[in-house]
Amino acid sequence: MNVIEAIKNRRAVKHFDANFEIPDGDLRKLMSAGALAPTSFNMQNRQFVAVTDAAVKAKLKAASWNQEHVGDASVVIVVAGNFKAHQTPKKFLRTAPEKVREMFTPMIGQFYEGKDELIRDEACRSVGMAAMNLMLAAQDLGYESCPLIGFDPQQVAEIVGLSAEMPPLMLVTVGKGIEAAWPRLGLYNLEEIVSINKFDNRAMEGSAEG
């Protein structure tokens, strides 16, 4: 499956085969895809907790308004933001050329230190891109997925052992779908959301689905 096909075919599926166990090799491919998502300065300011244990998934389900797919999915991936990632440039620049390390290290400190809103925004951006990588990889591997923000972050953090400096920002459920997603609820046409060169220059027309 090519990338465009994966994007078009990916849907938020909420009904999974509760008896299906994702193979270790496929789980590794999923997590590798998440880890390859881009981050500012290569900070990698996100962490993943891949939950496959039924008992832990049951607790996450309870913390997610009892949404069935959280309990039935083969894996529930908790994607957390790391609000302290910018403080460890030696770690995330460890294979960078020396000139890059010398340039980036002071720059990163000046850019982020003491700017809590920016740090959180950056983590949200990184988590979003990682989650999209996870879902497209799942589609390519023949699985279905669903992103969700409908959960109690404090409860989820306690269940999987996350700290206040590394809060859960998104969950992604992945598994074998047993029921199709709803029809799309209504996509905007391109002329409603795309401007060329300047906002409101609606020069592109047609459906995003082609």
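What's counted below: heavy atoms across the whole structure, side chains too, no hydrogens, waters or symmetry copies. What you see is a predicted model; the values in this text were computed from it and never measured.
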CD/Gln154: more than 12 non-hydrogen atoms of other groups inside 6.0 Å: no
Residue pair Ile178 / Phe16: nearest heavy atoms and the distance that separates them: CD1-O, 3.5 Å
Audit row: Lys198, Asp200, salt bridge (Lys or Arg N to Asp or Glu O under 4.0 Å) steps and yes/no: CA-CA 6 Å; Lys198 186 177 181 181; Asp200 248 1; over 6 Å; no
Donor-acceptor side-chain pairing of Ser40 and Tyr112 below 3.5 angstrom: yes
Evaluate Arg120 against Glu117 for salt bridge (Lys or Arg N to Asp or Glu O under 4.0 Å), listing each step before the verdict. CA-CA 5 Å; Arg120 183 177 181 85; Glu117 185 175 355; over 6 Å; no
Thr105 side chain to Glu102 backbone, donor-acceptor under 3.5 Å: no
How close do Ala33 and Ala137 get, heavy atom to heavy atom, and via which atoms? CB-CB, 3.5 Å
side-chain contact (heavy atoms from CB on, under 4.5 Å), that's the test. Do Ile108 and Phe92 meet it? Break it down for me. CA-CA 12 Å; Ile108 291 165; Phe92 58 77; 3.6 Å; yes
For Asn189, is there any backbone N or O sitting under 3.5 Å from a side-chain donor or acceptor partner on Glu192? yes
Nearest-0.5 Å distance, CE of residue Met132 to CG of residue Leu136: 4.0 Å
Where Val174 and Ala73 come nearest, the two heavy atoms and their spacing: O-CB, 3.6 Å
Just by modelled atom types, is the Val70 backbone N or O under 3.5 Å from a matching donor or acceptor in the Thr173 side chain? no
Pro168 versus Val78, closest heavy-atom pair with distance: CB-CG1, 3.7 Å
How many angstroms lie between atom CD of Gln44 and atom CG of Leu93, to the nearest 0.5 angstrom? 9.0 Å
Can you tell if the side chain of Tyr143 reaches within under 4.5 Å of the side chain of Phe20, non-hydrogen atoms only? yes
Hey, any chance Val49 and Leu60 share a hydrophobic cluster, counting ILVMFWY side chains that come within less than 4.5 Å of each other, even indirectly? yes
Given 3.5 Å as the limit, does a donor-acceptor pair link the side chain of Gln67 with the main chain of Gly150, or not? yes
How many angstroms lie between CG in Asp24 and NZ in Lys29, if you round to the nearest 0.5 Å? 12.0 Å
Closest non-hydrogen atoms of Met43 and Ala85, given as atom of the first, atom of the second and distance, are O-CB, 4.0 Å
Is it possible for you to say whether Leu169 and Val172 belong to one hydrophobic cluster, with membership spreading through side-chain heavy-atom contacts below 4.5 Å? yes
Between Gln155 (side chain) and Pro153 (backbone), is there a donor-acceptor pair under 3.5 Å? no
Just by distance, do the side chain of Glu5 and the backbone of Asn2 share a donor-acceptor pair under 3.5 Å? yes
Tell me, with the steps shown, if Ile77 and Leu171 meet side-chain contact (heavy atoms from CB on, under 4.5 Å). CA-CA 6 Å; Ile77 304 168; Leu171 306 185; over 6 Å; no
Looking only at heavy atoms, which two atoms of Ala12 and Ala181 are closest? And how far apart? O-CB, 3.6 Å
Looking at residues at least two apart in the chain, or sitting in another chain, which of them share a side-chain hydrogen bond (donor to acceptor under 3.5 Å, both in side chains) with Ser126? Asn45
Under 4.5 Å between side-chain heavy atoms, hopping through other hydrophobics if needed: is there a path connecting Phe48 to Leu162? no
How many angstroms lie between atom CG of Asp72 and atom CG of Asn19, to the nearest 0.5 angstrom? 9.0 Å
Under 6.0 Å from the CD atom of Glu191, do we count more than 12 heavy atoms belonging to anything else shown? yes
Group every Ile, Leu, Val, Met, Phe, Trp and Tyr by side-chain heavy-atom contacts under 4.5 Å, then state whether Met170 and Val76 land in the same group. no
Please check: side-chain N/O of Arg10 versus main-chain N/O of Gln139, any donor-acceptor pairing under 3.5 Å? no
Spacing of His69 atom NE2 and Lys14 atom NZ [to the nearest 0.5 Å]: 5.0 Å
Taking side chain as C-beta onward, heavy atoms only, is Arg202 less than 4.5 Å from Ser195? yes
Glu209 and Arg184: CA distance, side-chain angles, deciding distance, salt bridge (Lys or Arg N to Asp or Glu O under 4.0 Å) verdict: CA-CA 11 Å; Glu209 295 183 287; Arg184 293 192 187 276; 3.0 Å; yes
According to a hydrophobic-cluster definition based on side-chain heavy atoms being under 4.5 Å apart (Ile, Leu, Val, Met, Phe, Trp, Tyr only), do Met135 and Val3 belong together? yes
Kindly indicate, with the supporting measurements, whether the criterion side-chain hydrogen bond (donor to acceptor under 3.5 Å, both in side chains) is fulfilled by His86 and Glu113. CA-CA 8 Å; His86 64 282; Glu113 199 59 49; 3.2 Å; yes
Sole candidate of Val156, Val75, Val160 that passes side chain to side chain contact (heavy atoms under 4.5 Å, CB included) when paired with Val51: Val160
Heavy-atom side-chain proximity of Arg94 to Lys90 below 4.5 angstrom: no
For Ile196 and Met204, what are the C-alpha separation, side-chain angles and deciding distance, and is it a side-chain contact (heavy atoms from CB on, under 4.5 Å)? CA-CA 8 Å; Ile196 303 297; Met204 188 175 291; 4.1 Å; yes
Side chain of Ser74, backbone of Gly175: donor and acceptor closer than 3.5 Å? no
For the side chain of Arg46 and the backbone of Ala37, is there at least one donor-acceptor N/O pair under 3.5 Å apart? yes
Check the angle between the aromatic planes of Phe41 and Phe111 and answer parallel, tilted or perpendicular using the 30° and 60° thresholds. perpendicular
Backbone N/O of Ile22 and side chain of Asp26: donor-acceptor pair under 3.5 Å: no
With rounding to the nearest 0.5 angstrom, report the CG to CE distance, Asn133 to Met31. 11.0 Å
